[in-house]
Amino acid sequence: MTNFDQFDDDEENFKSKTQIKREMEELQELGKKLLGLSKNQQKKVDMSETLRDALAEADRIKQREAMRRHLQYIGKVMRTEDHEAIARRVALFDTTSAAYNKLFHQLELKRDILIGENSKEALADYLREHPEVEDIQLLRQLIRLSQKEVSQQGNTNNRKKLFRFLRETEERKLGLME
């Protein structure tokens, strides 16, 4: 007689060959995205030295087949990495990703609130949320000039500068900028 109870536990952890292959292809695709980042952006992604070395090695490879095999290697190395965290960080660099667009829209909304009617309260709230802001005088000046642009319905130079200031502050907070 065979004890069939021992097979029940294995079924929960069982992955088909197709599932394993799909996961490997996803990791290889994430590796491609990592290769597409600039060296500066790659430095801002938490990863092991092994993966960093594999990415650096990919720069030297010119042949198509060799690159395909190397991407398989990168996918293999990525199995030991926190690939969800890497994917989230890469998504913030990807201008077509939902994470990037969400951050962009949040910053636009924050800018509009700062130049709105209750700008003093909004500024106080913003400074409480972002105590790392060093140049508060510049922030106040950009808000004031942006409000002037809105009232005159003029060009948007200062609103763009304010948005850039907010984006850089948020990127520093997220560790995307040095």
Side-chain angles (χ1 to χ4, degrees), residues 9-114 125-136 138-139 142 160-178:
D9 294 336
D10 291 339
E11 283 184 27
E12 293 174 9
N13 297 327
F14 177 75
K15 287 186 181 178
S16 68
K17 284 174 106 176
T18 307
Q19 178 65 29
I20 292 169
K21 187 174 180 180
R22 192 176 307 124
E23 289 175 2
M24 278 304 298
E25 288 171 352
E26 288 172 5
L27 291 177
Q28 287 177 34
E29 193 59 37
L30 182 57
K32 274 186 191 176
K33 289 180 181 177
L34 274 171
L35 284 173
L37 296 178
S38 70
K39 298 298 174 205
N40 217 7
Q41 290 172 328
Q42 285 179 4
K43 288 178 188 174
K44 297 171 187 170
V45 177
D46 292 331
M47 64 181 94
S48 68
E49 284 303 312
T50 307
L51 183 56
R52 283 195 197 285
D53 293 343
L55 294 173
E57 180 70 23
D59 290 340
R60 296 185 326 107
I61 298 173
K62 302 296 181 215
Q63 293 179 338
R64 180 181 168 139
E65 182 62 20
M67 181 55 86
R68 185 190 66 77
R69 286 192 311 271
H70 194 70
L71 281 171
Q72 287 178 332
Y73 172 69
I74 289 173
K76 183 179 178 183
V77 171
M78 297 251 332
R79 283 190 237 168
T80 61
E81 302 286 324
D82 184 3
H83 47 85
E84 286 101 12
I86 291 173
R88 283 192 301 271
R89 184 53 62 104
V90 169
L92 289 174
F93 291 121
D94 181 10
T95 59
T96 62
S97 74
Y100 179 88
N101 288 330
K102 181 180 177 185
L103 178 63
F104 188 86
H105 291 301
Q106 287 173 343
L107 291 173
E108 282 183 330
L109 179 63
K110 199 167 286 194
R111 178 198 60 197
D112 293 343
I113 290 171
L114 283 170
D125 291 341
Y126 181 79
L127 291 174
R128 269 193 298 280
E129 292 173 20
H130 298 83
E132 70 276 2
V133 173
E134 295 175 4
D135 201 350
I136 299 171
L138 175 63
L139 178 59
L142 289 171
K160 288 177 184 176
K161 287 179 185 176
L162 176 59
F163 180 83
R164 196 174 309 119
F165 181 92
L166 298 175
R167 187 187 74 220
E168 289 171 359
T169 301
E170 194 66 32
E171 287 176 350
R172 266 194 295 286
K173 184 177 179 180
L174 293 173
L176 300 176
M177 210 175 141
E178 294 174 346

I need the minimum non-hydrogen distance between [X] and [Y], along with the two atoms involved.
X: L30; Y: A87; result: CD1-CA, 3.8 Å
X: G75; Y: L27; result: O-CD1, 3.7 Å
X: I86; Y: D46; result: CG1-O, 3.6 Å
X: F165; Y: V133; result: CZ-CG1, 3.9 Å

When rounded to the nearest 0.5 angstrom, what is the spacing between [atom1] in [X] and [atom2] in [Y]?
X: E84; Y: R88; atom1: CD; atom2: CZ; value: 7.0 Å
X: R164; Y: R111; atom1: CZ; atom2: CZ; value: 11.5 Å
X: Y126; Y: L139; atom1: OH; atom2: CG; value: 6.5 Å
X: L142; Y: K161; atom1: CG; atom2: NZ; value: 7.5 Å
X: I136; Y: L127; atom1: CD1; atom2: CG; value: 5.0 Å
X: L37; Y: L55; atom1: CG; atom2: CG; value: 9.0 Å

*asked:* I'd like to know whether Q72 forms a side chain to side chain contact (heavy atoms under 4.5 Å, CB included) with R68, so could you lay out the CA-CA distance, the side-chain angles of the two residues, the decisive distance to 0.1 Å, and finally the verdict.
replied: CA-CA 6 Å; Q72 287 178 332; R68 185 190 66 77; 3.1 Å; yes
*asked:* Using the rule given for side chain to side chain contact (heavy atoms under 4.5 Å, CB included), can you reason through R79 versus M24, listing the C-alpha separation, both sets of side-chain angles and the distance that settles it, and then say yes or no?
replied: CA-CA 8 Å; R79 283 190 237 168; M24 278 304 298; 3.2 Å; yes
*Taking H70 for its side chain and A54 for its backbone only, find out whether a donor-acceptor pair lies under 3.5 Å.*
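Answer holds: yes.
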*Any donor-acceptor pair under 3.5 Å linking the side chain of R52 with the backbone of Q42?*
yes
Minimum side-chain heavy-atom gap [X]-[Y] below 4.5 Å:
X: L34; Y: I74; answer: no
X: R89; Y: Q41; answer: no
X: T80; Y: T50; answer: no
X: K110; Y: H130; answer: yes
X: K21; Y: E25; answer: yes
X: L35; Y: L71; answer: yes
X: I113; Y: D125; answer: no

*Go through R22 and Q19 one step at a time and tell me if the side-chain hydrogen bond (donor to acceptor under 3.5 Å, both in side chains) criterion holds.*
CA-CA 5 Å; R22 192 176 307 124; Q19 178 65 29; 2.9 Å; yes
Crowding at [atom1], [X] (>12 non-hydrogen neighbours, <6.0 Å):
X: E134; atom1: CD; value: no
X: K17; atom1: NZ; value: no
X: D82; atom1: CG; value: yes

*How about E132 and T169: does a side-chain donor come under 3.5 Å of a side-chain acceptor?*
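Their side chains do not contain a donor-acceptor pair, so the 3.5 Å distance test is not met.
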